[in-house]
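Okay, so here's the structure we're looking at.
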Amino acid sequence: MPIETAANAFAAFCDARLWPGCGPALARRVVAAGISHPDDVTPGALSELDGVSASRADKLVDSLDRARPVFEVVEVLHPAGAQARLAGAAVRRFGPGAASLLRDDPWRLLELPGVDVPDADAFARRTLDGARPDDPRRARALVAHQLARAARAGHTYATVESLRPLLASSRVDPDEAVAAALDGGDVLDVTAADADEGPAHVALAGFAMAEDAVAEALHRLTATAEPLCKEDELATDAFALDPAQVHAVHELAAHGVSVLTGGPGTGKSRTVAAVVALAATLEEPIALAAPTGRAAKRIEELTGHEASTIHRLLGAYPSSDRESGRDYAFARNEAWPLDARIVVVDEVSMLDVELAAALVEACADGTHLLLVGDPAQLPSIGPGRVLADVIESGQVPVTELTTLHRQAEGGAIAKLATAVRAGDLPPVDSPDREVVVVPARTADEAAHRVTQLVTDSIPRALSIPADEVQVVTPIHRGPAGTIALNAVLKARLNPGRGEHRGFDVGDRVVATANHPDEGFANGEVGVVTGVEDGGLAVSFAAGPAVVPFKHVGDLLHGWALTVHRAQGSEWPAVVTVLPREAGSMLSRPLVYTAFTRAKAHLSIVHAAGPAVAHAVRTVGERPRLTRLAALLRERAED
């Protein structure tokens, strides 16, 4: 590489803040000093710069050595006009050999976030001599790219027929492209064995293997579990359970896998508490878990037994997983299964197929697994619909609780949620103001009403402080989206200049990525409590954590959350805003999930007109293509 090109690549590497510990100001001084390549970076050269001590120079050299694979990717990307910021993602996805891989197969760039086909094509033309549209590497990458897009919509596979128009418009023969993708091994033919000749359904290998693993593990648990005790040894009278709840406890004791479902206020937690008591009576080890720290804390409070996030239960640790693109792996697995004889997992509707696979594979033979959740809620952010598929398979005992147990406490939230769950949006009747509907004509007016409710009306009228009020909205953008609402609420509730990488002590924040080794996971909400060496101290529901400054970009302000990100958590008071701009996104699961985040009070800021009632009546779960239900039925027939 010419000297000037290498220097430009190093400058781009620094500008993109890919050198850990080297901020923008120092990076500019490094480049201005004529340091143009990592080989030129020495403790002596850095110590000559103003403000750089000898100890800091040593640390910077060490961090640059560790980041060498990232710089090598920048050397490939920058001369070809691709963005240097992609280099970090490339190394996480492909490992330390990412630079060599991208030189040999530049269309693999499509596997990185934010890259589309024109970007990858331009990069390939500048990287390869004689790059052609019909290159088999391009065809293979296009199929994988389309399957990745399908996965972001929740599908675990796609039909070949659905891929044909997109592939043809990209100037590749669809059949040849699918064949090339199958030959590469990253895509699998998941067509049913009794289908006609030729691949009809294809899937990314990671998701295909995860669904197979879930089906296999659930079948294994069903086959290996022995009853926990005799029928007459089940003592549940102390919990005043209704017949359905008693039945659920009996199913858990008798079967290796069972499901407990029902809407809010139907007593799922009380049933789980009875299971915990049963485990204590039988002296059987039990583990309780949920996808989020707040959900785990809720189970812990209601049952009196320790609970954890699924990531902590499985011992997540940093380890880039090339197949899934995750930055962590799990210590608990088939080789080192969980010690618990009984495993109870709440909020299972949130589990994507890969996390579900990790969970069930870590359950030892003979484990009794109770899956607790509500399939009427939004499905997982990641691909799959695990809970719904398990129920629909008909291969696992399912107990649905329907009797409302919150009537003595008023129950307006539970009544409204039950009606929405059934496809109805009745007028709200709540004299005690457990549920309040606040009409608004525009998104701007809705945002104004939200601010009033959070900062004044709810704290003053209901004695619920603002730090126990959560705003949920379907959208990010617009006056009633998370971005604008968080800006307004921060200005009112915790004004500040964002002195610590955009945050101040006292800010409410939400994590947008999984970092289990640092003590927090995607969707966790917490409060910034201070600044410690190397990061922000945040009090999350799962416990205190220090978010390293390198991961602060994975935090957002959290006074207002999207409905998806709020899933799995509850707050004393919730303000749900439904702006007109969200009309096309509205569905029964979204409205139901938004309403059921509130424990004691729900304010509904309604600016969407008749679109909400229409969505509740007619728009159910958006269809997802998944294989799990069919796989479970196949296993049962074998």
Side-chain angles (χ1 to χ4, degrees), residues 1 5-22 27 37-39 41 63-128 131 135-149 151-152 181 184-187 204-207 318-329 354 512-515 517 548 550-551 553-554:
M1 180 180 292
T5 304
N8 289 338
F10 186 66
F13 170 82
C14 293
D15 288 344
R17 302 184 69 172
L18 296 172
W19 181 355
C22 184
H37 192 276
D39 291 344
V41 177
S63 69
L64 183 57
D65 285 343
R66 292 192 297 272
R68 182 64 75 110
V70 178
F71 171 71
E72 290 171 354
V73 175
V74 175
E75 286 186 300
V76 178
L77 298 177
H78 186 69
Q83 295 180 343
R85 64 174 181 79
L86 295 171
V91 172
R92 288 192 296 272
R93 179 72 180 94
F94 305 126
S100 176
L101 181 146
L102 288 171
R103 282 194 187 95
D104 294 339
D105 188 351
W107 286 285
R108 295 292 296 271
L109 197 72
L110 273 172
E111 297 178 35
L112 305 183
V115 178
D116 215 333
V117 176
D119 304 320
D121 282 342
F123 175 62
R125 286 193 298 270
R126 294 166 181 161
T127 305
L128 292 177
D135 190 304
R137 291 169 292 185
R138 180 174 185 265
R140 184 168 61 239
L142 288 172
V143 173
H145 181 60
Q146 296 304 329
L147 289 174
R149 289 182 60 182
R152 288 194 290 273
D186 290 335
V187 173
L204 290 173
F207 300 136
S319 175
S320 184
D321 186 332
R322 306 286 174 242
E323 294 297 324
S324 68
R326 289 194 302 253
D327 292 330
Y328 57 89
E354 289 187 309
T512 62
N514 286 307
H515 293 288
D517 53 309
K550 66 180 180 180
H551 293 325
D554 292 330

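In what follows, every heavy atom counts, from backbone to side chain, and hydrogens, waters and symmetry copies are set aside. Residues: numbered from 1 along the sequence shown.
Heavy atoms only, all atoms of each residue included: A80 and T127 are closest at CB-OG1, 3.8 Å. Closest approach of A131 and W107 over heavy atoms only: CB-CH2, 4.1 Å. When all heavy atoms of L77 and A84 are compared, the closest pair comes out as CD1-O, 4.4 Å. Here the shortest heavy-atom pairing between P20 and A67 reads CD-CB, 3.9 Å. Residues A90 and V73 share a closest heavy-atom pair of CB-CG1, 4.0 Å. Here the closest non-hydrogen pair linking V74 and A9 is CG1-O, 3.3 Å.
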Hey, mind stepping through F123 and V115 against side chain to side chain contact (heavy atoms under 4.5 Å, CB included) and telling me if it holds? CA-CA 11 Å; F123 175 62; V115 178; over 6 Å; no
Run R103 and E72 through side chain to side chain contact (heavy atoms under 4.5 Å, CB included) and show every step you take. CA-CA 11 Å; R103 282 194 187 95; E72 290 171 354; 5.9 Å; no
Side chain to side chain contact (heavy atoms under 4.5 Å, CB included) between L112 and R85, intermediate numbers included: CA-CA 11 Å; L112 305 183; R85 64 174 181 79; over 6 Å; no
When you look at R138 and D121, which way does the salt bridge (charged side-chain N to carboxylate O under 4.0 Å, His left out) test go after all the steps? CA-CA 8 Å; R138 180 174 185 265; D121 282 342; 2.8 Å; yes
Side chain to side chain contact (heavy atoms under 4.5 Å, CB included), that's the test. Do R108 and D186 meet it? Break it down for me. CA-CA 11 Å; R108 295 292 296 271; D186 290 335; 4.3 Å; yes
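Between D135 atom CG and D105 atom CG the span is 7.5 Å, to the nearest 0.5 Å. Once rounded to the nearest 0.5 Å, the distance linking CG of L109 with CD of Q83 reads 9.5 Å. We find the CG-CG distance between L142 and L147 to be 11.0 Å, quoted to the nearest 0.5 Å. The distance from atom CD of Q146 to atom CG of L204, rounded to the nearest 0.5 Å, is 11.0 Å.
The shortest distance between side-chain heavy atoms of F71 and H37 falls below 4.5 Å. Annotation: side chain of F94 is in contact with side chain of E111 (closest heavy-atom distance under 4.5 Å).
Here T512 pairs with nothing under the side chain to side chain donor-acceptor pair (under 3.5 Å) rule; sequence neighbours left out. The side chain to side chain donor-acceptor pair (under 3.5 Å) search around D116 returns H145, not counting sequence neighbours. With sequence neighbours excluded, no residue satisfies salt bridge (charged side-chain N to carboxylate O under 4.0 Å, His left out) with R17.
Side-chain atoms of R93 do not come within 3.5 Å of backbone N or O of P113 as any donor-acceptor pair.
Below 30°, between 30° and 60°, or above 60°: for F10 and W19 the angle between ring planes is between 30° and 60°, a tilted geometry.
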